[in-house]
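Questions regarding the structure given below will be posed in turn.
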Amino acid sequence: MSDPAGQILHIRLQQDDVWPPFDCEEVRGEPVGERRYRVLTAPAFAKRLAVDDIVTANPDASGRMWIDAMVQRGRHSTIRVIVLQPAEESELAAALTERGCRVGASPLPSLLTVDVPEATDYSGIRYLLEEGERRGDWEFQESAVSLHHDLGTHAR
């Protein structure tokens with residue numbers, strides 16, 4: 001029987017001098033074919049990867065599975081938010097959840113990962129994030145914007 005939480009998949013990260021602070025991270029995936037997995041959780045640091053993307057992965061000598069290629073893009077988007085005003089974190093998480101997003105913690109304090117599902121109004125999410133950024137409450141980065149969401153918004 002497979003793990004209901006999904007298989008742990010590792011991602012090698014490209015680092016500059018200081019970012020990201022790790023050389024790899026983990027996401028969960030469910031098998032969808034030989035060496036193919038559907039991503040189940042949004043990454044905190046990897047770029048151009050979102051929930052529902054299909055990837056290939058191979059084990060290393062210790063048996064850890066490493067993502068090595070993107071096979072098919074899904075229709076979810078991933079956003080990272082660094083909360084600069086800690087008092088705003090729970091309110092932001094609640095507002096994003098209310099709008100249909102899944103908000104997750106990361107290994108770093110005040111860094112949230114946001115999974116934006118296909119049916120979510122992406123322009124409304126961007127507006128919310130831009131307003132908070134203008135106020136200095138947080139900064140955000142669009143890590144992976146699906147073509148589905150990109151068609152309804154302007155380039156950043």
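Note that the coordinates shown come from a computational prediction; the quantities given were computed from them, not determined experimentally.
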May I ask whether Leu9 and Leu13 are part of the same hydrophobic cluster, defined by side-chain heavy atoms of I, L, V, M, F, W, Y residues being less than 4.5 angstrom apart, directly or through others?
yes
Leu92/Val81 under side chain to side chain contact (heavy atoms under 4.5 Å, CB included): CA gap, chis, key distance, verdict
CA-CA 10 Å; Leu92 172 61; Val81 182; 3.6 Å; yes
Can you establish whether the number of heavy atoms outside Glu131 located under 6.0 Å from its atom CD is more than 12?
yes
Do Ser143 and Arg80 pair up side chain to side chain, a donor and an acceptor below 3.5 Å, judged on atom types alone?
yes
Considering residues, nucleotides and ligands other than Phe22, do more than 12 of their heavy atoms fall under 6.0 Å from its CZ?
yes
Which atom pairs, one a donor and one an acceptor, fall under 3.5 Å between side chains of residues 37-48 and the rest of the protein, sequence neighbours left out?
from	atom 1	to	atom 2	distance (Å)
Arg38	NE	Glu30	OE2	3.4
Thr41	OG1	Arg28	N	2.9

Nearest atoms (heavy-atom pairs only) where Thr97 meets Val103
OG1-CG2, 3.9 Å
To the nearest 0.5 Å, what is the distance between CD1 (Ile67) and CZ (Arg35)?
12.5 Å
Gln15 atom CD, neighbour heavy-atom count above 12 within 6.0 Å
yes
Spell out, yes or no, whether Leu112 and Ile79 are grouped together once hydrophobic residues are joined by side-chain heavy atoms under 4.5 Å, including indirect joins.
yes
Over 12 non-hydrogen atoms of neighbours within 6.0 angstrom of CZ in Arg36
no
From Glu91 CD over to Leu96 CG, what is the distance, rounded to the nearest 0.5 angstrom?
10.5 Å
Look up atom CZ in Arg75 and atom CG in Leu147, then write down how far apart they are to the nearest 0.5 Å.
8.0 Å
When rounded to the nearest 0.5 angstrom, what is the spacing between CD in Gln141 and OG1 in Thr78?
11.0 Å
Look only at the side chain of Asp53 and the backbone of Gly74, and say whether a donor-acceptor pair between them is shorter than 3.5 Å.
yes
Any donor-acceptor N/O pair, Ser77 side chain to Val116 backbone, under 3.5 Å
no
List the atom of Ala95, the atom of Leu128, and the distance in Å for their closest heavy-atom pair.
CB-CD2, 4.1 Å
Backbone of Tyr122 reached by a side-chain donor or acceptor of Arg126 within 3.5 Å:
no
How long is the straight-line distance from CG of Leu84 back to CZ of Arg135, given to the nearest 0.5 Å?
11.5 Å
For His76 and Leu49, indicate whether the former's side chain and the latter's backbone hold a donor-acceptor pair under 3.5 Å.
no
Between Asp60 and Trp66, does any side-chain donor sit less than 3.5 Å from a side-chain acceptor?
yes
Would the distance check show the side chain of Ser106 and the main-chain N or O of Leu108 forming a donor-acceptor pair, the cut-off being under 3.5 Å?
yes
After noting the C-alpha distance and the side-chain angles of Cys24 and Ile11, does the key distance pass the side chain to side chain contact (heavy atoms under 4.5 Å, CB included) rule?
CA-CA 5 Å; Cys24 70; Ile11 307 163; 6.0 Å; no
Check whether His10 reaches the backbone of Met65 with its side chain - one donor and one acceptor, N or O, closer than 3.5 Å.
yes
Atom of Ile54, atom of Met70 and distance for their closest heavy-atom approach
O-SD, 3.6 Å
Is it the case that the side chains of Asp115 and Thr113 hold a donor-acceptor pair, with the cut-off being a distance below 3.5 Å and no angle test?
no
Find the distance between CD1 (Ile125) and CZ (Phe140) and round it off to the nearest 0.5 Å.
10.5 Å
Can any side-chain N or O of Trp138 pair as donor or acceptor with the backbone N or O of Leu129 at less than 3.5 Å?
yes
For Glu118 and His148, which I'm curious about, is there any donor-acceptor pair between the side chains at under 3.5 Å?
no
Step by step, work out the side chain to side chain donor-acceptor pair (under 3.5 Å) result for Thr56 and Asn58.
CA-CA 7 Å; Thr56 58; Asn58 285 298; 5.5 Å; no
